[in-house]
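Order of appearance sets the numbers: ligands from 1, and atoms from 1 within every ligand.
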Amino acid sequence: MLHSQSRGPLRFVTLFTILFFVAIASAASLVNITVDDTFGNSQENLQITYQPAGAWSPGEDCTSCAAHLDTTQVHNGTWHDTTYLADNPPSSPLTATLAFDGVAIYVYCIVTRASTNPFGNCDMTFYLDDVEVGRFLLPPNGDPTYHYSYPVYVNASIPSGQHTFMLVNGRSDGQTALALLDYIIFS
Ligand SMILES: *[C@@H]1O[C@H](CO)[C@@H](O)[C@H](O)[C@H]1NC(C)=O
Ligand SMILES: *[C@@H]1O[C@H](CO)[C@@H](O)[C@H](O)[C@H]1NC(C)=O
Ligand SMILES: *[C@@H]1O[C@H](CO)[C@@H](O)[C@H](O)[C@H]1NC(C)=O
């Protein structure tokens with residue numbers, strides 16, 4: 001009798017200790033990996049790919065691009081610039097794609113609400129494993145301020161495993177739309 005009574009609390013303490021270490025282990029295993037628009041992530045050997053060829057420009061070297069950013073405020077001094085032209089739409093979608101192994105993704109752009117030079121309309125659609133999961137819309141209002149490290153898509157409830165994320169800029173029948181992609185973090 002005495003024996004089994006003393007085992008009750010002991011079992012409880014043991015269970016509690018195990019749960020505590022499981023919680024620590026799962027928190028510690030969530031590591032954030034940053035993938036730059038241009039340099040990717042060299043440790044993980046990851047790169048963002050852009051389609052169609054030539055439709056996205058490295059923004060920091062782009063003389064024909066209207067957006068001229070403060071390179072000290074962008075990740076690694078680089079960004080990718082593309083514009084969906086409503087009056088001259090591309091023959092295939094303007095996409096940025098990243099394959100990653102994780103449970104969360106955070107996509108950062110530079111956004112502006114300028115009405116001219118550049119026309120800062122945001123109209124992006126996001127896909128995970130070819131399924132549409134979100135959209136980011138922000139029409140211009142004349143404010144030319146650039147907002148750096150702006151999270152345009154966040155998803156912290158992705159099933160663990162290998163996934164493909166795709167950003168599509170603009171859409172057919174939509175307005176002209178600008179995308180300035182800076183970096184992607186995944187966990
Ligand atoms: C990963 O980065 C996101 C966005 O900055 C942040 O909200 C999250 O807490 C970070 N997670 C870890 C495990 O550091
Ligand atoms: C990009 O920035 C990250 C984090 O700030 C840094 O670790 C990495 O070395 C940089 N890569 C390049 C090519 O500058
Ligand atoms: C996150 O990703 C999951 C799996 O792809 C999807 O079912 C869910 O709708 C997404 N949530 C958000 C907020 O995008």
Side-chain angles (χ1 to χ4, degrees), residues 18-51 54 56-63 65 67-82 84 93-112 121-139 145-172 174 177-187:
I18 289 170
L19 286 178
F20 180 73
F21 282 108
V22 166
I24 285 183
S26 53
S29 69
L30 263 194
V31 171
N32 271 355
I33 314 261
T34 303
V35 185
D36 182 59
D37 68 291
T38 296
F39 297 112
N41 182 297
S42 50
Q43 271 118 40
E44 305 284 325
N45 198 23
L46 293 170
Q47 282 288 345
I48 299 171
T49 56
Y50 302 91
Q51 295 287 336
W56 293 75
S57 307
E60 67 285 0
D61 298 329
C62 182
T63 48
C65 297
H68 301 291
L69 307 181
D70 176 356
T71 52
T72 65
Q73 293 197 58
V74 296
H75 187 258
N76 285 152
T78 62
W79 70 96
H80 267 68
D81 178 315
T82 195
Y84 176 93
L94 303 170
T95 65
T97 305
L98 175 68
F100 68 100
D101 189 345
V103 296
I105 192 164
Y106 308 82
V107 180
Y108 295 92
C109 285
I110 302 102
V111 303
T112 177
N121 182 48
C122 287
D123 185 340
M124 303 177 206
T125 310
F126 309 106
Y127 296 81
L128 271 172
D129 306 320
D130 294 324
V131 176
E132 185 179 327
V133 287
R135 177 163 264 181
F136 180 74
L137 303 172
L138 192 68
T145 311
Y146 287 108
H147 302 276
Y148 293 87
S149 289
Y150 195 100
V152 294
Y153 180 65
V154 169
N155 191 339
S157 55
I158 302 173
S160 161
Q162 189 71 38
H163 298 284
T164 302
F165 168 79
M166 185 170 74
L167 178 162
V168 177
N169 183 42
R171 71 195 134 107
S172 39
L178 174 71
L180 304 169
L181 178 63
D182 192 4
Y183 60 100
I184 297 177
I185 293 176
F186 69 89
S187 312

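The nearest pair of heavy atoms linking Gly102 to Ile158 is O-CG2, 4.2 Å. The minimum heavy-atom distance between Ala177 and Gly170, with the atom names listed, is CB-CA, 4.1 Å.
Protein heavy atom closest to atom 1 (C) of ligand 3, with residue, atom name and distance, is Asn155 ND2, 1.5 Å. Protein heavy atom closest to atom 13 (C) of ligand 2, with residue, atom name and distance, is Phe39 CG, 3.5 Å. In terms of protein heavy-atom proximity, atom 5 (O) of ligand 2 is nearest to His75 NE2, 3.9 Å. Atom 14 (O) of ligand 3 has Tyr153 OH, 2.6 Å as its closest protein atom, hydrogens excluded (heavy atom only).
Under 4.0 angstrom from ligand 1, there are no non-hydrogen atoms of Phe186.
Short contacts between ligand 3 and Val133, defined as distances under 4.0 Å to a heavy atom of the residue, involve ligand atoms 14 (O).
Checking Asn76, Thr78, Thr34 against atom 3 (C) of ligand 2, the nearest heavy atom belongs to Asn76.
Not a single heavy atom of Phe126 sits closer than 4.0 Å to an atom of ligand 3.
Between the side chains of Asp37 and His80, at least one donor N or O lies within less than 3.5 Å of an accepting N or O. Using a 3.5 Å distance cut-off with no hydrogens or angles, the side chains of Asn41 and Glu44 do not pair a donor with an acceptor. For the residue pair Tyr183 / Ser149, a side-chain donor-acceptor distance below 3.5 Å is found, with atom types taken as modelled.
Distances between N or O atoms of Asn32 and those of ligand 1 include at least one value under 3.5 Å.
Between Tyr106 and Tyr108, the two ring planes are parallel [angle under 30°; tilted spans 30° to 60°].
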